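Take a look at the structure below.
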Amino acid sequence: MSSPSVVTDPLHLVLGDEELLVERALWAAVGAARAADPDAELRRVKVSELTPPELAEMLSPSLFAEGRVLAVESAQDAGKEIAEALLSQAKQPVDGVTLVVVHTGGGRSKYAKELPNALRKLGARVTECNKITKAAEREAFVRDEIRRAGGKADAAAVAALIETVGSDLRELSAAATQLVADTGGKVDETAVRRYHRGRAEVTGFAVAEKAVTGDRAAALEALRWAVQLGVPHVLIADALADSVRTIGRVAAAGGRNDPFRLAGELGMPAWKVKKALAQSRGWTPKTLAAALQAVAEVNAGVKGMAADATYALERTVLRLVELRNQRS
């Protein structure tokens with residue numbers, strides 16, 4: 001039964017497409033609901049799988065007033081009927097029931113696009129979870145993660161952590177937390193490089209680096225070590241995609257340009273631009289287009305479409321090596 005002394009927000013809007021931040025925002029809403037009722041149940045459902053009657057049933061008062069959290073995900077895919085039903089239900093909150101609408105900010109229909117503003121007007125508690133793409137934003141994220149874990153870090157340590165771990169927020173968060181624990185809270189560049197010496201060689205980004213430079217044997221070896229050591233398939237696939245996209249962006253901006261100027265234009269760290277400039281040699285617009293298609297397919301594969309995610313990754317690594325070494 002809900003505690004009358006705890007007031008919770010009945011309506012939440014989680015807005016953006018940065019997965020880690022979206023997940024945190026959702027669980028923060030669940031935590032608030034469970035502060036009022038420790039037994040509050042969480043139910044997650046995609047908007048495309050909902051009908052208005054089902055939504056009404058999920059949000060209707062229960063006989064014993066049990067606490068509930070309903071997370072309606074991928075709300076950017078909402079059609080007219082379900083969008084209107086969401087707004088109708090949001091206008092009439094039920095005691096003990098929390099509605100969390102997760103929306104990327106875009107939308108296929110005008111009703112989906114208008115949904116965030118309509119929810120704001122209804123007083124939804126909004127949590128922004130925009131994609132982190134700029135170097136300064138990623139650095140700020142790392143600093144905040146270290147601070148959340150109870151530590152401190154200077155600029156050199158933050159830069160070193162991003163360089164050795166990569167851009168994946170989940171990996172950065174885990175590494176920051178572990179470093180704070182291992183150093184007693186004083187994180188410096190020396191500690192970062194000592195901790196990650198050798199580790200960087202088996203991350204998804206090491207696999208990607210070998211693949212996009214056409215080193216077949218080293219790429220396959222790095223992939224096998226990464227899989228054996230438990231690096232999630234999805235992180236390896238993301239690293240492959242990130243490397244190919246970065247090479248494409250840098251190449252399109254002009255391979256002979258000043259890397260420091262390019263870094264500012266593209267919102268990327270200078271070290272990453274320099275690396276991508278070197279890696280772009282040997283790639284052509286045609287082979288890059290094919291590589292982008294390959295990494296898009298493997299990303300879908302490791303997220304459930306492929307029967308064997310490891311085989312899908314190996315096939316993609318071999319395809320990237322083949323494209324990199326292709327002679328026009």
Side-chain angles (χ1 to χ4, degrees), residues 17-20 130-142 158-172 175 196 200-216 218-219 222-223 226 231-300 302-303 313 316-326:
D17 56 356
E18 190 61 75
E19 290 184 6
L20 174 63
N130 296 324
K131 205 77 172 174
I132 292 180
T133 57
K134 295 180 180 178
E137 293 174 342
R138 192 168 289 111
E139 289 166 1
F141 172 81
V142 171
V158 170
L161 189 57
I162 294 171
E163 179 183 345
T164 56
V165 174
S167 61
D168 182 82
L169 296 194
R170 292 184 189 276
E171 287 200 339
L172 285 170
H196 288 283
E201 295 175 4
V202 294
T203 65
F205 288 91
V207 178
E209 182 174 355
K210 299 301 182 184
V212 299
T213 54
D215 191 336
R216 185 180 188 276
L223 174 61
V231 178
H233 293 97
V234 68
L235 296 187
I236 301 173
D238 285 346
L240 291 170
D242 181 79
S243 292
V244 173
R245 284 196 297 264
T246 300
I247 291 171
R249 290 180 65 198
V250 170
R256 296 183 180 276
N257 285 338
D258 174 17
F260 292 98
R261 184 172 66 80
L262 268 181
E265 291 177 1
L266 299 176
M268 295 163 54
W271 65 265
K272 191 170 185 179
V273 173
K274 287 181 182 178
K275 181 180 285 189
L277 283 170
Q279 292 172 341
S280 66
R281 300 187 188 101
W283 288 95
T284 66
K286 182 178 179 181
T287 56
L288 275 172
L292 285 168
Q293 179 64 32
V295 295
E297 289 173 357
V298 79
N299 262 276
V302 299
K303 291 172 182 173
L313 285 169
T316 302
V317 165
L318 291 173
R319 177 61 173 154
L320 293 179
V321 169
E322 176 192 11
L323 289 167
R324 167 58 179 75
N325 295 331
Q326 201 172 94

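These numbers come from a predicted model, not from an experiment.
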Full working for side-chain hydrogen bond (donor to acceptor under 3.5 Å, both in side chains) between Gln293 and Glu297
CA-CA 6 Å; Gln293 179 64 32; Glu297 289 173 357; 2.9 Å; yes
Identify the heavy atoms of Leu223 and Leu313 that sit nearest to each other, and give their distance.
CD2-C, 4.0 Å
Under 4.5 Å between any side-chain heavy atoms of Leu320 and Val295, yes or no?
yes
Quick check on Glu137: does its CD atom have over 12 non-hydrogen neighbours (other residues, nucleotides or ligands) under 6.0 Å away?
yes
Heavy-atom closest pair (Leu20 atom, Phe141 atom, distance to 0.1 Å) is CD2-CZ, 3.7 Å
Rounding to 0.5 Å, atoms CG (Leu292) and CZ (Arg245) come to a distance of 8.0 Å
Shortest non-hydrogen contact between Ala291 and Trp283, atoms and distance
CB-CZ3, 3.8 Å
Measure the shortest side-chain to side-chain distance between Glu18 and Asn130 over non-hydrogen atoms and say whether it is less than 4.5 angstrom.
no
Which pair of non-hydrogen atoms, one from Ala251 and one from Ser280, has the smallest distance, and what is that distance?
CB-CB, 4.5 Å
Rounded to the nearest 0.5 Å, how far apart are NZ of Lys272 and CD1 of Ile162?
10.0 Å
Student check: side-chain heavy atoms of Asp168 and Asp242 closer than 4.5 Å:
no
Spacing of Ile132 atom CD1 and Glu139 atom CD [to the nearest 0.5 Å]:
11.5 Å
Hey, could you give me the CG/NE2 distance between Leu235 and His233, rounded to the nearest 0.5 Å?
10.5 Å
Tell me, do Asp215 and Val321 make a side-chain contact under 4.5 Å, heavy atoms counted?
no
Least distance between heavy atoms, Val250 atom then Ala276 atom
CG2-CB, 3.7 Å
Value for OG1 (Thr213) from CG (Asn325), rounded to nearest 0.5 Å, stands at 8.5 Å
Rounded distance [0.5 Å steps], CZ in Arg319 versus OG1 in Thr287:
9.5 Å
Which pair of heavy atoms, one from Ala208 and one from Ser243, lies closest together, and at what distance?
CB-OG, 3.2 Å
Apply side-chain contact (heavy atoms from CB on, under 4.5 Å) to the pair Lys275 and Glu209, showing each step before the final yes or no.
CA-CA 9 Å; Lys275 181 180 285 189; Glu209 182 174 355; 3.8 Å; yes
Residue pair Arg170, Asp238: steps toward the salt bridge (Lys or Arg N to Asp or Glu O under 4.0 Å) verdict:
CA-CA 12 Å; Arg170 292 184 189 276; Asp238 285 346; over 6 Å; no
Side chains of Arg138 and Leu172: closer than 4.5 Å at any heavy-atom pair?
yes
Under the side-chain contact (heavy atoms from CB on, under 4.5 Å) criterion, do Ile236 and Val317 qualify, and how do the steps go?
CA-CA 10 Å; Ile236 301 173; Val317 165; 6.0 Å; no
Check the surroundings of atom NZ in Lys131: do more than 12 heavy atoms from other residues, nucleotides or ligands lie under 6.0 Å from it?
yes
